[in-house]
Amino acid sequence: MINVLRNFFLTTGQISQFTARYWREVWFPPYEFQELLKQCFFIGNKSLALVGTTGFIMGIVLTLQTRPTLIEFGAQSWMPAMVGIAIVREIGPVITALICAGKVGSGIGAELASMKVTEQIDAMEVSGTNPFKFLVITRVTATMIMIPALVVMSDVISLLGSAMVENIKGGVSFTLYFSKVLEFLDFSDLIPSIIKSFFFGFAIGIIGCYKGYTSSRGTEGVGRTANEAVVIASLLVFILDFIAVLVTDIFYEL
Amino acid sequence: MNSEQVQLPAAVSIRNLYKAFGTNPVLRSFSLEVAAGENVAVMGKSGSGKSVLIKCIIGLETIDEGDLVVLGKSVPGLSPRELDLLRADVGFQFQGSALYDSMTVRENLEFPLRRHQEKMKGLRTDDLVQEALSSVGLLHAIDLLPSELSGGMKKRIALARTIIMRPKLILYDEPTSGLDPITGREISRLIVDIQKQYRAASIVITHDLACARITGNQLVILSEGRNYVQGTFDEVAGITDPVVHSFFT
Ligand SMILES: Nc1ncnc2c1ncn2[C@@H]1O[C@H](COP(=O)(O)OP(=O)(O)O)[C@@H](O)[C@H]1O
Ligand SMILES: [Mg+2]
């Protein structure tokens, strides 16, 4: 038990150090723009279809599930507002972040871990390239840029799914549905959600990189590293989400 | 021998190197001189600290005590910038080749050139890549990925990536490990050819007797953390000490 606690604090400390190193080094050249672009493209390419499909299904399911209750209360005209707020504030960011923790975070963890055990990271170092800048800074920055973008895309697709259900089942036109959504949603819904998505992206990137970059267990450790990266990143997504909701709540009260 | 060659400083000069990990001393009093243009083979059992030794030489591991001078520079005192400059003159071939999986052979070879442009000013990247690849006889593999190469080809490509910077000193970590004896011999001969072509000094870490015989002008046996014996291959082979003898049976 004491060992578990000690390990927990040790790991937390090391991750904080790793995070601090990112923020110390990200400002200074050399900047690896080409690698950054490559990673952004890679992340987008890897998760676009999955995030889109999941978002679409979430929109449909959420609408189908809540429809009967809303009808019972004669409140079906509130559907766009309710689904819009649920998706934009909560479901879009969290689901997208979880999917990316599984897909992107594990990928980064496995990639860096295998580069570490096969000495590719050392090889970079002796070729005059700072591997932290080339591998870690680019990947973390890329997840930080791409996760919010994917969240916005997922939001839109979810709403399309929801609108489709309302269109088929309730005869509501797409224009009417989206004008209702826009009527109820404003920037105080969107901005906090984008901001927390940045944090989700950062967490996914930094955990994947930390786990991979510091792994030392030989080839059989690569799979485990990827697995641990997913678990920790997913947990962090929930913790960050909780903090974000608390903070946003304080702002609303003001 | 002309007077210029006499004045060349030693490529590597190590005196009483001490290096420990925690309480585990790996190198205890290691000394080695490698003259410019000389080929030294270092043999030792697995886990005897061979990889640690050459990682110290290139500054991937820090040393605890002793003198370590590489190409006239004392490695422990170098700033990161100076260390980078020194590394531009030192080639390092890793044990498992360490080719970048996500990059083609061409991109692998171009990688060291990205940051060391001052040294290679006026030379075209394409020409350098072609030259290095033809030195190892694999020009046709230029657009392949590492996963499409055989073990022997990987070692050759890694060698090409090592020599693309035209190093003055090349460090090889078990260049023939994991290869069949025939391919191993080919690689060993290639190392000798490369050394002649580039007039570089080299240290070849190995536990392959054939490789040590082909590549080394000198043979050092690393045991108990120090240079246990040292001499030409035949001199060392003639020693009857049991530790030395175990390498030759
Ligand atoms: N980063 C490290 N941390 C702790 N111990 C290490 C490290 N690198 C090497 N060692 C230890 O140093 C010893 C020599 O390792 P190494 O030089 O890789 O052996 P080899 O001669 O087979 O190349 C081994 O006992 C190994 O456990
Ligand atoms: Mg070794």
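The structure displayed is predicted, hence computed values, not measured ones. Lettering follows sequence order; numbering is per chain, from 1.
If you check the side chains of A/Gln120 and B/Asp101, you find a donor sitting under 3.5 Å from an acceptor. Between the side chains of B/Ser135 and B/Gln197, at least one donor N or O lies within less than 3.5 Å of an accepting N or O.
If you measure heavy-atom distances from B/Leu99 to chain A, the contacts under 4.5 Å come from the backbone alone. Looking at A/Phe42, neither its backbone nor its side chain comes within 4.5 Å of chain B, counting heavy atoms on both sides. Within the 4.5 angstrom heavy-atom criterion, only side-chain atoms of A/Glu32, from C-beta onward, approach chain B. Within the 4.5 angstrom heavy-atom criterion, no atom of B/Gln93 approaches chain A.
B/Ile57 pairs in a side-chain contact (heavy atoms from CB on, under 4.5 Å) with only one of the listed residues (B/Ile63, B/Ile14, B/Val75, B/Val69), which is B/Ile14.
Interface remark: of the candidates B/Gln95, B/Arg115, B/Lys55, B/Arg115 forms the most heavy-atom pairs closer than 4.5 Å to chain A. In terms of heavy-atom pairs under 4.5 angstrom with chain B, the leader among A/Thr129, A/Ile121, A/Val117 is A/Thr129.
Here A/Lys196 pairs with A/Asp241 in a salt bridge; the nearest charged N to carboxylate O distance falls below 4.0 Å. Checked for salt-bridge contact, B/Glu65 and B/Lys19 miss the test: no charged N lies under 4.0 Å from a carboxylate O.
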